[in-house]
Amino acid sequence: MSVREFRVHEWSRHLGRDWRRASAIWTVFLLWAVVAVAEDAVTEIRVFPDRVSLTDRQDKQRLIVQARLHDGRTRDVTGQAQWRLLNRQPARLTQHTLRPMADGTTSLQITYAGQTRSVPVEVKRSAVELPVSFSRDVMPVFLRAGCNRGTCHGASRGQRGFRLSVFGFDPDGDYHRLTREFVGRRINLAVPEESLLLLKATEEVAHGGGERFTVDSEPYQTVLKWLESGAAKDTGEVARPVAVEIYPPEVVLDGGSQRFLVRARYSDGTDRDVTAMTVFSSSNPTAAAITAEGVLNAGKRGESFVLARFDSFSVGVPVIVIPARTDVDWTGVTAHNYIDQRVQAKLKKLRVLPSAVCDDATYLRRVSIDTIGLLPTRAEYHAFLADSGPNKRRRLVERLLQRPEFTDLWVAKWAELLQIDRIKGGFFGWLAKNYNANVGIDQMVRELLTAEGGFFRDPPVQYFRRVGEPTKLAENVAQVFMGTRIQCARCHNHPFDRWTMDDYYSFAAFFAQLGSKRNWEDTRELIVFDKGAGEVRHPQDQRVMPPKLLGGAVPQIQGRDRRAILAEWLTAADNPWFASNLANRIWAQYFGRGIVDPVDDVRVSNPPSNPALLDALSRHLVDYQFDFRRLILDIATSRTYQQSVTYNDSNQHDMANFSHTSFRRLRAEVLHDCLCQVTDSPTRLGGFPLGTRAVQMPVASMTTYFLETFGRSDRETVCTCEVDVEPSLSQALHLINGETTWGKIRRGGLVTRLLAKYEDPRRVLEELYIRCLTRKPTVSEMEDLARLLEPVAAREQVMEEIFWALLNSKEFLFNH
Amino acid sequence: MKNTNRRVGIDLNAIRPMYVRAPVGHWKRQPVLTVFCLLGMGVMAGAVDPDTPAARINYRDHIRPIFAKHCFSCHGTVAGKADLDLTRYSSTLAGGSSGKVLVSEDPAQSRLYLLVTHVEQPNMPRGQPRLPRADLGRIRRWIEEGLRATAMSRPLKGTATRSVLSLDLPAVHRPAGAPHLPRKAALQPAQTTPRSNAVIALAGSPWAPLIAAGRPQQVVFFDAEKRRAIGSVPFSEGLPHLLKFTADGQRLLAAGGSAGVAGRVVVWNVVTGKREVELGEAEDVILAADINPNRTQVVLGDDRFLKVYRLPAAELTATVDRHTDWIFAMAYAPDGSKLAVADRAGGLTVWDTERWVTLETLKGHQGAVTSLVWRRDGRVLASAGEDGTIRLWDVSRGQRVRTWSAHERGVLCIAFGRRGQLVSVGRDHNVCTWDPTGSLLDTLKPAFSDVATRVAFFGEAERVVAGDWTGRLRIWPARETTGQNLFP
């Protein structure tokens with residue numbers, strides 16, 4: 001009797017009831033469709049880029065035209081629009097691409113569906129032929145053609161002796177390896193087109209990596225020109241890209257295709273159309289496949305994120321593909337607060353209808369598990385169902401948030417992230433004390449990051465027990481407090497994100513001046529202090545890296561503790577990472593999935609599924625002065641959180657947009673505590689008093705087979721992936737045959753007590769159901785089970801079996 | 001400290017007599033002359049220029065003044081660091097706390113000489129620049145000539161086990177007849193391209209003023225005296241990666257090919273321009289090859305395989321799979337009995353060329369070995385590599401006898417001269433000459449503007465030709481350290 005089966009029954013009833021209304025909608029829809037086929041109302045046309053500047057003889061810029069329809073869909077109308085260049089002297093237009101002719105200005109007029117846009121065009125230095133630069137022009141070729149991928153020449157040993165820096169983090173090294181490492185082989189300056197580099201890339205000669213580009217392609221021509229000009233090393237300052245833009249910024253397709261453009265801005269103020277040098281990828285090729293040239297083709301309904309990589313930049317565009325001609329009925333769907341508004345706005349774009357609101361009992365169970373890590377008691381169940389006052393769900397959440405178990409749950413979560421691995425020194429206690437006192441998390445983090453002193457007297461100092469490893473500390477701070485993983489940039493520029501090696505080592509520099517010494521009064525104690533000296537060096541050229549805030553500025557240090565500056569920046573109200581990471585982690589606790597998911601892997605190529613929602617949540621968290629409880633109240637009382645697990649046709653494939661509640665297995669500690677709770681049989685854990693719950697355990701070493709099997713965090717890393725909620729065979733077997741379930745049923749003696757208390761076994765059944773599943777048995781369940789309980793002699797045994805079955809049911813093991 | 005960084009502004013003439021002197025045994029074989037010289041020069045000792053062959057370098061007149069100027073402050077009677085007292089002849093010979101510092105007739109085993117030439121550590125004089133070139137030359141000659149106390153003293157007898165680096169090389173026999181030069185009719189015009197490749201194939205004729213350099217599809221000959229290209233022979237196989245003259249200068253071997261497609265080895269008769277050998281079915285360019293002295297065998301490196309061909313049939317007789325990476329260099333010993341082979345991973349082996357068994361595996365190079373050459377007597381093998389070192393190996397004992405850092409970031413090519421001296425080029429843009437023990441003689445000027453890629457001796461006077469990454473070729477006239485451009 002899985003939850004799913006049970007719910008489907010309810011759903012089919014719901015369908016049958018409304019045939020009359022459905023047919024009315026159908027009629028309206030048909031009428032609308034007839035009109036729509038005749039003319040999709042174009043509300044706006046947009047031209048990208050909106051101004052063009054051509055600054056040397058080889059410069060060029062392609063343009064695209066996108067139309068927005070009345071319902072938010074977009075179309076690529078580049079081919080259908082009328083193009084007119086007002087003054088043909090400065091530039092010429094071929095295949096939607098502008099190329100320079102002479103210095104001057106002109107304007108490009110583009111007309112579609114009665115709307116006209118004008119694009120100013122400026123041509124300068126049209127006679128200047130820029131020399132091909134290795135770092136600016138040639139390096140992007142290796143990224144685009146895939147030469148420097150980690151599986152090819154980017155591997156640490158290269159391929160067949162030829163290595164390129166992975167994703168091009170080391171242009172100087174690559175220049176050396178291409179031109180001088182193996183003199184006479186890779187390039188041929190006497191006959192440039194016979195350079196092995198080109199012969200291999202075009203597969204003119206056998207190449208393990210196959211054909212990377214063709215002779216008539218832009219990459220080939222760029223490399224050839226560089227060779228023809230003598231394969232010179234860059235001299236002086238070469239303009240480097242400072243920003244990369246992708247157009248169009250938003251795509252909603254119901255079929256057809258959309259071309260993308262990528263433009264890079266350079267440090268000398270120029271810009272270039274680098275579409276042909278960009279690597280495109282789609283996160284969901286079934287919904288939206290993208291070609292190497294940047295043309296996206298709509299596939300099946302769904303969402304995708306198109307990622308464009310150029311140089312060390314990654315930029316992306318969310319793409320929505322909806323079925324042609326769909327509409328859904330939003331009657332009765334309300335928005336309780338700002339959360340619902342943003343979730344529903346996204347769902348409307350996707351033409352997805354959210355599920356209905358769940359019943360009171362389901363809500364009670366769900367919010368109790370998520371908020372306090374325990375099931376509602378029988379008394380709570382009855383009280384809540386009997387409550388007929390207004391806002392009873394809100395009042396319930398408010399009550400739960402004041403429970404000490406709420407604190408326990410979050411302290412346990414933070415203990416994982418801070419990798420608390422010892423009881424001595426009171427780090428765990430410090431955390432619990434702060435939480436109980438409702439100290440703002442920003443203040444806690446400031447205290448933590450600037451901690452100084454001895455391990456015993458100043459508990460947060462223990463966070464710096466890995467004091468000698470500034471890079472590790474930097475990685476952890478970035479992952480825990482900013483939700484981004486910078487580890488890749490330790491050895492090479494991050495392939496799917498913005499982080500470069502410079503960013504990495506500059507960020508690590510904040511922890512470079514930490515020192516430690518023994519306390520000579522008590523030699524067990526380590527004292528951590530700010531040495532005021534010490535630097536991090538770049539491993540490639542041994543440069544001293546000045547502390548630079550990740551994605552931020554180079555701060556003024558002037559004798560201050562670097563960590564204090566970091567902590568101030570991190571917890572400032574306008575820090576783009578901190579609040580949104582916290583909000584996302586809180587959200588994930590209540591939905592089993594972050595808006596950015598995994599919650600500690602924010603990157604350009606893993607964008608939030610609903611940026612507006614995440615933004616609103618983080619803004620509210622800042623406004624609430626980082627009071628978790630207030631944000632949780634908003635979340636738990638939103639309609640979105642109260643949605644049923646039952647899905648409809650439109651939202652059954654939705655995983656990321658919170659259109660229905662998803663099934664979530666209880667995490668190890670919570671499941672353990674719930675088992676103890678419903679069986680009245682606590683486990684003694686690690687020498688703590690009987691009744692101490694698993695979430696209250698300060699360290700991971702106090703464990704049981706049960707906790708390990710169900711994926712409790714070992715706290716070996718700061719990754720949220722340490723907590724494993726994936727079901728496994730050993731979990732199922734342990735529940736079925738293992739000592740825990742049966743042992744607890746027997747030791748708790750609950751069945752015996754209940755049978756003694758109630759004469760009617762039906763009352764006992766009801767109580768067990770309420771305890772385990774927070775609901776009464778259905779009529780058919782009651783009938784079936786009562787029949788089994790008729791023989792009085794076997795009653796206790798059968799009742800225990802039923803209890804066992806309930807504890808093994810998915811409805812118990814999952815939150816829903 | 002790298003040897004290459006040391007600059008000693010002394011004319012090559014100062015040290016040159018050292019090389020052209022007769023072997024030490026010369027004195028014993030001609031007793032009459034010896035007696036005459038002893039009588040004559042003893043009288044004139046103070047007057048004779050010590051750097052002429054006639055001078056009898058001795059402790060009292062020549063060496064003690066050098067020691068007095070540079071060494072006495074530490075190794076004097078009073079201070080006597082390391083118990084070494086250089087103020088008296090007897091105590092100098094007696095040595096210091098670590099034993100004797102001088103071995104008669106054997107500079108390569110004389111610790112004093114190795115330390116003052118900075119071949120071994122610690123460099124002497126401690127904390128001072130190296131001694132002037134002329135002083136080093138005199139110390140060396142003093143040791144070689146038997147450590148005379150005064151001009152009238154008899155030379156001391158050398159030890160039985162002289163270092164292989166101090167051995168006298170056999171007399172050179174110049175082949176009879178005129179040096180081999182290509183006939184006019186044998187050559188085609190040399191082609192030039194708008195831009196040059198790096199010099200990757202370069203060879204100097206051992207007796208004629210003739211230089212061969214590789215270009216796409218051809219091998220160009222230069223007349224070093226007129227300093228111009230005189231013509232070319234076609235190499236339609238692709239790009240030559242290696243050029244080598246045979247010891248008599250009569251034949252020229254080329255290896256190379258078309259990258260990723262095919263590799264070939266060709267041998268021409270220099271005079272007629274006729275191809276005498278064409279072989280190799282490699283699937284990529286051949287970087288290393290050689291022909292044995294009696295022209296019965298050609299070896300080549302096909303990727304990591306050593307392939308042996310029998311002449312004149314040009315049939316493949318053996319394939320040796322012992323190296324783990326691409327074979328970068330190989331060279332027959334002068335008598336053809338051994339073959340040294342080296343690869344990109346630093347592997348270096350010596351083979352018996354009859355039975356094809358490994359005689360030695362010489363370990364030490366980190367990274368690719370770029371160049372292998374044999375000293376004329378076949379006793380010493382020199383190897384150079386991307387680790388920046390030149391290593392000298394005593395092949396009969398399988399031992400490394402000297403290692404030094406020659407060019408920062410990598411040595412790309414070396415060549416042995418007839419007197420056991422070496423010339424080398426590397427990534428530091430320099431061309432350096434070294435004496436037989438590995439002591440820096442000169443850094444030839446001017447340095448190249450880019451990586452110096454290949455070097456060779458040419459002609460009877462053993463002049464130096466070298467090329468660089470930009471395609472420039474430069475030659476150094478005899479007895480001068482300042483070079484002239486050959487091309488462009």
Side-chain angles (χ1 to χ4, degrees), chain A residues 131-132 134 147 153 155-163 170 172-173 175-212 223-235 540-541, chain B residues 191-202 213-218 220 238-242 255-263 283-285 287 303-304 324-326 328 343-345 367-368 370-371 386 409-410 412-413 425-427 429 449-454 467-471:
Chain A
V132 183
F134 181 74
C147 312
H153 296 286
S156 62
R157 300 205 49 166
Q159 293 289 330
R160 291 279 295 149
F162 175 41
R163 185 171 82 83
D170 178 17
D172 288 347
Y175 176 79
H176 167 78
R177 286 181 280 269
L178 271 170
T179 60
R180 284 166 179 79
E181 182 182 56
F182 196 157
V183 178
R185 179 155 180 89
R186 290 163 191 158
I187 59 169
N188 184 339
L189 296 182
V191 195
E193 55 273 25
E194 282 182 17
S195 294
L196 192 59
L197 175 66
L198 290 175
L199 296 178
K200 286 267 185 185
T202 53
E203 223 187 354
E204 282 283 306
V205 303
H207 181 213
E211 188 191 69
R212 306 315 306 172
V223 177
L224 182 62
K225 262 177 79 176
W226 174 66
L227 292 170
E228 281 171 347
S229 63
K233 197 179 170 80
D234 293 337
T235 50
Q540 266 176 298
D541 48 15
Chain B
Q191 306 288 331
T192 48
T193 48
R195 220 172 262 286
S196 297
N197 267 334
V199 175
I200 53 166
L202 178 68
R215 295 244 177 97
Q217 316 285 332
Q218 61 178 217
V220 178
L239 195 62
H241 277 252
L242 169 83
S258 175
V261 177
E283 289 178 359
D284 206 331
V285 291
L287 301 175
D303 196 348
R304 61 189 177 84
T324 56
D325 207 331
W326 204 344
F328 266 22
D343 66 36
R344 174 156 67 170
T370 51
S371 193
E386 293 281 7
R409 300 188 302 279
L412 293 186
C413 189
V425 290
R427 295 192 180 275
H429 306 187
S449 62
D450 208 305
V451 174
T453 53
R454 294 292 180 266
D468 77 352
W469 188 85
T470 66

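Chain identifiers are assigned alphabetically (A, B, ...) following the order of the sequence lines, protein sequences preceding nucleic acid strands; residue numbering begins at 1 within each chain.
- With a 4.5 Å cut-off on non-hydrogen atoms, B/R344 touches chain A through its side chain but not through its backbone.
- Minimum heavy-atom separation, A/E228 to B/R195: O-NE, 3.0 Å.
- Only the side chain of B/R427 comes within contact range of chain A, judged by heavy atoms closer than 4.5 Å.
- Heavy-atom minimum distance, A/T179 versus B/W469: O-NE1, 2.9 Å.
- Only the backbone of B/S196 comes within contact range of chain A, with heavy atoms under 4.5 Å apart.
- Residues A/R185 and B/A259 share a closest heavy-atom pair of NH1-CB, 4.1 Å.
- Only the side chain of B/D450 comes within contact range of chain A, with heavy atoms under 4.5 Å apart.
- Across all non-hydrogen atoms, the minimal contact from A/A190 to B/N197 is N-OD1, 3.1 Å.
- Among A/L199, A/N188, A/L196, the residue making the largest number of heavy-atom pairs under 4.5 Å with chain B is A/N188.
- Nearest heavy-atom pair, B/E386 versus A/E181, reported as atom, atom and distance to 0.1 Å: OE2-O, 3.8 Å.
- In this structure the side chain of A/R160 reaches within 4.5 angstrom of the side chain of B/D303, judged on heavy atoms.
- When heavy atoms are compared at a cutoff of 4.5 Å, A/S195 does not approach chain B at all.
- For the pair A/V183 and B/A198, the tightest heavy-atom approach, listed with the atom from each and the gap, is CG1-CB, 3.4 Å.
- The aromatic rings of A/F182 and B/W326 sit perpendicular, their planes meeting at an angle over 60°, well past the 30° parallel limit.
- For chain B, no part of A/E204 is nearby; none of its heavy atoms comes within less than 4.5 Å.
- A distance of 10.5 Å separates CZ in B/R409 from CZ in A/R180, rounded to the nearest 0.5 Å.
- Looking at B/E283, neither its backbone nor its side chain comes within 4.5 Å of chain A, counting heavy atoms on both sides.
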